[in-house]
Amino acid sequence: AGLGNAYNQLGEVAKAIEHLKRSFSIMEQIGDRHHMADSLGRIANVYERAQEYAKAIEYLEKSLKIAEEVYDKQGVASCLGGLGNAHAQRGEHDKAIDYYTRQVLVAQDLLGDKLELANSLTRLGHAHDRAGAFTKAVKHHKRALALYEELKDRRAQAASLSALGDAVDGLADDAPA
């Protein structure tokens, strides 16, 4: 997987896919389903970086299925976020919101990881922004900001405040004159 990731960083999509598929094949032969899901997710990342979102979605759905079967909560959250990203890039805001909402639920209920939850809420807030649902966007950005403050992540706080400001601005634009 390391060589596939290196080729991905260099923008050599075909070589990255070749090495990651080889890694997947080996994991499949030895029955390592956890790493099979990881390999599929890495292949999806290559396709997403190459802006081949349909292929990214195809591999993320396969990865998600395996991650759910092996109870890999972090893998499930990662796949849901990736699916949200790919659909958001395609302008499919409702699908992105659905996947990000599911990611928030996994991060909130199963992982207990505050950073993962804050990042998931941020993605969900941005998706609601793009869909014009500014009230929901404000709600999610506020929750994310509170978590970033609790985590003392100053950089994320600044970005969260900016996103919150954009959502509030969207609310103001929608207010009747």
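Numbering starts at 1 and runs along the sequence shown.
- In terms of heavy atoms, G82 sits closest to L60 at C-CD1, 3.4 Å.
- Criterion: ILVMFWY side-chain heavy atoms under 4.5 Å apart, direct or through other members. Under it, V106 and L117 are not part of a common hydrophobic cluster.
- F134 and H128 have their aromatic ring centers separated by at least 6.0 angstrom.
- Of all heavy-atom pairs spanning R130 and A88, the tightest one is NH1-CB, 4.0 Å.
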Please lay out, stage by stage, how E150 and L147 fare under the test side chain to side chain contact (heavy atoms under 4.5 Å, CB included). CA-CA 5 Å; E150 190 177 325; L147 288 166; 4.3 Å; yes
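- Panel note: side chain S25, backbone K21; no donor-acceptor pair is recorded below 3.5 Å.
- Panel note: side chain E12, backbone Y7; no donor-acceptor pair is recorded below 3.5 Å.
- Residues satisfying the ring-ring contact (aromatic ring centres under 6.0 Å, His included) criterion with Y53, sequence neighbours excluded, are absent altogether.
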Determine, step by step, whether K55 and E61 satisfy the salt bridge (Lys or Arg N to Asp or Glu O under 4.0 Å) criterion, reporting the C-alpha distance in whole Å, the side-chain angles of both residues, the deciding distance to 0.1 Å, and the verdict. CA-CA 10 Å; K55 284 277 199 186; E61 287 174 345; over 6 Å; no
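- When all heavy atoms of S39 and S23 are compared, the pair lying nearest together is OG-OG, 3.4 Å.
- The residue from I43, I57, N85 that alone fulfils the side-chain contact (heavy atoms from CB on, under 4.5 Å) condition with E48 is N85.
- Taking the ring-ring contact (aromatic ring centres under 6.0 Å, His included) definition, one finds that H126 meets it with H141, sequence neighbours left out.
- Distance check, rounded to the nearest 0.5 Å: CD of E149 to CZ of R154 gives 8.5 Å.
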Assess the residue pair R123 and Q103 against the criterion (side chain to side chain contact (heavy atoms under 4.5 Å, CB included)); give the C-alpha distance rounded to whole Å, side-chain angles, the decisive distance to 0.1 Å, and a yes or no. CA-CA 10 Å; R123 288 185 202 93; Q103 183 186 30; 3.3 Å; yes
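- Both I66 and L20 are assigned to one and the same hydrophobic cluster, defined by single-linkage of ILVMFWY side chains at heavy-atom distances under 4.5 Å.
- Shown here for A137 and A167, the closest heavy-atom pair between the two residues is CB-CB, 3.9 Å.
- Atom SG in C79 sits 10.5 Å away from atom CD in Q74 (nearest 0.5 Å).
- The shortest heavy-atom contact between G4 and A16 is O-CB, 3.3 Å.
- Under the ring pair (Phe, Tyr, Trp, His ring centres under 6.0 Å) criterion, the residue pairs touching residues 23-52 are Y47-Y59, with sequence neighbours excluded.
- Although no hydrogens or angles enter the test, the distance criterion places a donor-acceptor pair under 3.5 Å between the side chain of S120 and the main chain of E116.
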Working for salt bridge (Lys or Arg N to Asp or Glu O under 4.0 Å), residues K65 and E69: CA-CA 6 Å; K65 184 177 187 296; E69 289 170 358; 2.7 Å; yes
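- Residues meeting the ring-ring contact (aromatic ring centres under 6.0 Å, His included) test with Y100, sequence neighbours left out: none.
- Clustering of Ile, Leu, Val, Met, Phe, Trp and Tyr side chains at separations under 4.5 Å places Y148 together with L115, L151.
- To the nearest 0.5 angstrom, L40 atom CG is 5.5 Å from S63 atom OG.
- Qualifying side-chain hydrogen bond (donor to acceptor under 3.5 Å, both in side chains) partners for R143, counting only residues two or more places apart in sequence or in other chains: Q108.
- Within a 6.0 Å sphere centred on NZ of K136, heavy atoms belonging to other residues, nucleotides or ligands number 12 at most.
- The structure places CG of L124 at 4.0 Å from NE2 of H140, a figure rounded to the nearest 0.5 Å.
- Going from atom OG of S162 over to atom CG of L145 covers 11.5 Å, rounded to the nearest 0.5 Å.
- Cluster membership check: L164 does not share its hydrophobic cluster with V104, using side-chain heavy-atom separations under 4.5 Å among Ile, Leu, Val, Met, Phe, Trp and Tyr.
- Taking CD from Q51 and CZ from R90, the interatomic distance works out to 13.0 Å, rounded to the nearest 0.5 Å.
- Salt-bridge check for E18 with R22: passed, with a basic side-chain N closer than 4.0 Å to an acidic carboxylate O.
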